[in-house]
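None of the values given here were measured: they were computed from a predicted structure.
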Amino acid sequence: MLAGCRRALPAALGRALRGRSAGPGRRAVSTSWCPVGAAFDAKQQREQRRGGAAGRETGLFGVPELSCPEGFQEAQDKALQESEQLVQKACSTPPGPETVMIFDQLSDGLCRVADLADFVKIAHPDFAFREAAEEACRNIGTVVEKLNTDVELCQSLRRLLADETVMSSLDPETRRVAELFMFDFEISGIHLDEEKRKKAVNLNVRILDLCNEFLTASHLPNKIDKHVLPEHIRYNFTAEGNYLQVAGLHADCPDDLVREAAYKIFLYPNAEQLSRLEELLASRNSLAQLVGYDTFAHRALQGTMARNPETVRQFLDLLSDQLSKRTQKDFEMMTKMKMKLNPQNSKLMPWDHPYYSGVLRAERYNIDPGLYCPFFSLGACMEGLNSLFSQLLGISLYAEQTQRGEVWSEDVRKLAVVHETEGLLGYIYCDFFQRPDKPHQDCHFTVRGGRRKENGEYQLPVVVLMLSLPHSTRGAPTLLSPGMMENLFHEMGHAMHSMLGRTRYQHVTGTRCPTDFAEVPSILMEYFANDYRVVNQFARHYKTGQPLPKNMVSRLCESKKVCAAADMQLQVFYAALDQIYHGKHPLKKSTTEILKETQEKVYGLPYVPNTAWQLRFSHLVGYGAKYYSYLMSRAVASMVWKQCFAQDPFDRAMGERYRREMLAHGGGKEPILMVQGMLQKSPSVEDFVDALVSDLDQDFETFIMDS
């Protein structure tokens, strides 16, 4: 999953607020670097906790001002001062490539504060830092919205775009970036009169506030009088006086009653959150129509692979049709399993799907995650990634010692990403371990994006990968479940995109690209994580050194196909709901009535009265009108894997082609053109659907062997 200012700052210059990079081009291997696997072994973790960082003191990510929370104000003031100077420079510069460079400098200066703050506000253990970062995000966001409707600034760009002679002399990347900046101005309402521009700014600011409020509330627990629940299940929930707190769905709990209670309580409607969602959807629609779009979905899908809501609907409808019979079979299998385990209540309900699909997987393929964990120590997994990147892309990962004050927790590791001929490409900060108040989410954050600086040097990208892994113990290193290992590969796919999307302009660097393309590199890494040839290179029992048997990997991969159609159908439901919410307004029914209707039509399991799942649908904030992106990106990743890597996952020539055609451009090239370059054909909606459905087919060799 991607995170960053693109969600917090949704307007013109905000496109670039998604990721960055910094530093000279080449650098020899530093004597302060050590092998990546060793940095994550149990002994190193204990020594790091005892010894801490070394060298002189600095601020977060090496930014001197950020040695204390007050430094955010200083960094913000400096960025805003520089932005004022750059705005004046842009307005007085004759049309030419320098215009685009100045715009990119302006975007970069604001993003370097906002992106960093976007991470710190949720992940720093110190509340004062989180609060200061939150304020910086809001202040920078407000400035960005005003810049998006600055007529004089826009005119300087318009003069460039109108000069055919100058435009024809620009290289394709510079032309595209200039057009993207103008597109961002237009979707912010630059063409409107002054009164309507002010309205657009106010709507954007209000939407930003609503997004933050909705996101926070979507994770809050619900309380219930403990006497309402049967005494024998109360221990499953956190007690608070006479109340019980329900903070999630307890989807893996074997007790049907616990799952039912959690579902009904956690999803019970909250009037404030309902009002917040309704205002958010209405405000997004008002903004879209104000700037000339039929719906918010039409505005949000400009420039994506899908391009418009009509294509998304076609994709989802066709996929749903193809999944229909398979999904029905999956539900029948789950119902039989529920009847077997709970004869008194065999009707399949929404809280049953995750649990009984898991039971079926475990029963059919004898999958016990505990049997796999000893083979997936964190150090071994990191060495596996290092080996894969080295063979495929000529890239190595090295652990680098941090300075005092550079990281926000003593267990954060800093990795240098080094190419065999190009030298240092960037840095990855690995915030992998659980700690109090840390969000339980796996995420990639861009802290600084890459760009060619005015002095010719390349500003290296800096990113954070955030996971929630257990710490090592005296007797064992950090051990990953198969799901954790796959998530590590997924997030590292985003990181490599950030490292290798080395564009001239930070506005389009790395993962700063359309959402339905941004998930392709990360999902593609999941295919590598499930290939025995890759896994066999690193999966060793941490005590005995024994390799993970091939049949265990095969069973694990095949187990994921059990009830996979129903799982995918659930994702289609979420994506369809997202499209309806961001479609034509005013909505014909309440958001809850739409949920009920769509759930029963698209998903198939009954709606539960007095629940409002949409109020927990946090992806409506960052992926509004774009939730389909996960499915479309998976379709592309599937095609790339089968056509380019399935025969040989270590094929260096194919790895170089992948870098050249898909990773190197960031968002500097239309996404569908990058896909065409990799696949040597232009995929259709039918191709996308076929790729997803074919992934559900069982491998009969494994099936027969296990039978």
Side-chain angles (χ1 to χ4, degrees), residues 19-41 44-45 47-48 51-56 58-63 112 115-116 119 378-379 381-432 444-451 453 457-467 488-489 491-502 506 509-511 521 525 659 663-664:
R20 331 288 169 227
S21 20
R26 297 185 59 179
R27 175 174 164 187
V29 175
S30 168
T31 55
S32 67
W33 291 342
C34 71
V36 66
F40 294 93
D41 68 21
Q44 180 73 11
Q45 287 182 45
E47 288 178 354
Q48 184 79 6
R56 63 183 176 83
T58 184
L60 292 173
F61 298 102
V63 178
R112 276 188 284 121
D115 280 347
L116 192 156
F119 168 72
L378 178 56
C381 292
M382 293 303 294
E383 284 294 357
L385 284 162
N386 191 40
S387 174
L388 176 63
F389 293 146
S390 176
Q391 294 175 76
L392 208 57
L393 299 163
I395 283 173
S396 297
L397 307 174
Y398 295 95
E400 181 172 303
Q401 183 72 44
T402 56
Q403 297 176 328
R404 286 196 301 273
E406 184 178 351
V407 297
W408 48 101
S409 179
E410 61 187 9
D411 54 21
V412 173
R413 300 289 181 272
K414 180 183 181 182
L415 302 184
V417 181
V418 183
H419 189 270
E420 60 190 15
T421 60
E422 298 169 33
L424 182 63
L425 298 182
Y427 290 105
I428 303 170
Y429 287 83
C430 300
D431 187 357
F432 282 174
H444 163 280
F445 291 83
T446 297
V447 172
R448 186 178 66 201
R451 72 182 182 102
K453 296 198 288 188
E457 292 182 350
Y458 197 79
Q459 176 172 289
L460 298 179
V462 176
V463 304
V464 176
L465 295 189
M466 188 168 74
L467 305 175
L488 172 62
F489 271 64
E491 298 304 335
M492 196 60 80
H494 283 310
M496 282 301 110
H497 196 183
S498 290
M499 296 297 114
L500 294 173
R502 292 171 68 81
Q506 70 82 36
T509 189
T511 58
M525 284 299 294
R659 177 183 180 180
L663 299 180

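Summarising the geometry, atom CE belonging to Met525 is positioned 13.5 Å from atom NE2 belonging to His497; distances are rounded to the nearest 0.5 Å. To the nearest 0.5 angstrom, Ile395 atom CD1 is 5.5 Å from Met496 atom CE. Separation of atoms CE (Met499) and CZ (Arg659) is listed at 12.0 Å; rounding is to 0.5 Å. If you take CG on Leu415 and CZ on Phe40, they are separated by 5.0 Å, rounding to the nearest 0.5 Å. Considering OG1 of Thr402 and OH of Tyr427, their distance stands at 12.0 Å, rounded to 0.5 Å.
Side chains of His444 and Ser498: a donor on one and an acceptor on the other come within 3.5 Å.
Checked against side-chain hydrogen bond (donor to acceptor under 3.5 Å, both in side chains), Ser396 has no partners two or more places apart in sequence or in another chain. The side-chain hydrogen bond (donor to acceptor under 3.5 Å, both in side chains) test applied to Ser390 returns no partner, not counting sequence neighbours. In terms of the salt bridge (Lys or Arg N to Asp or Glu O under 4.0 Å) criterion, Glu383 has no residue partners (sequence neighbours excluded). Phe119 meets the ring pair (Phe, Tyr, Trp, His ring centres under 6.0 Å) test with Trp408, Phe445; sequence neighbours excluded. With sequence neighbours left out, the side-chain contact (heavy atoms from CB on, under 4.5 Å) criterion links Leu392 to Leu388, Phe528, Phe645.
Shown here for Gly62 and Glu406, the closest heavy-atom pair between the two residues is N-CG, 3.7 Å. Nearest heavy atoms, Val36 versus Leu397: CB-O, 3.5 Å. Minimum heavy-atom separation, His494 to Thr511: O-CG2, 3.8 Å.
In this structure, the side chains of Leu488 and Leu378 come closer than 4.5 Å at one or more pairs of heavy atoms. Here the side chains of Leu500 and His419 are not in contact, with every heavy-atom distance at 4.5 Å or above. Side-chain contact check for Val464 versus Phe61: some heavy-atom pair is nearer than 4.5 Å. Residues Arg413 and Phe432 are not in side-chain contact: their nearest non-hydrogen atoms beyond the backbone lie 4.5 Å or more apart. Contact of the Met492 side chain with the Met382 side chain is registered, since non-hydrogen atoms from C-beta on lie closer than 4.5 Å. The shortest distance between side-chain heavy atoms of Arg502 and Leu425 falls below 4.5 Å.
A donor-acceptor pair under 3.5 Å is formed between the side chain of Thr509 and the backbone N or O of Gly501.
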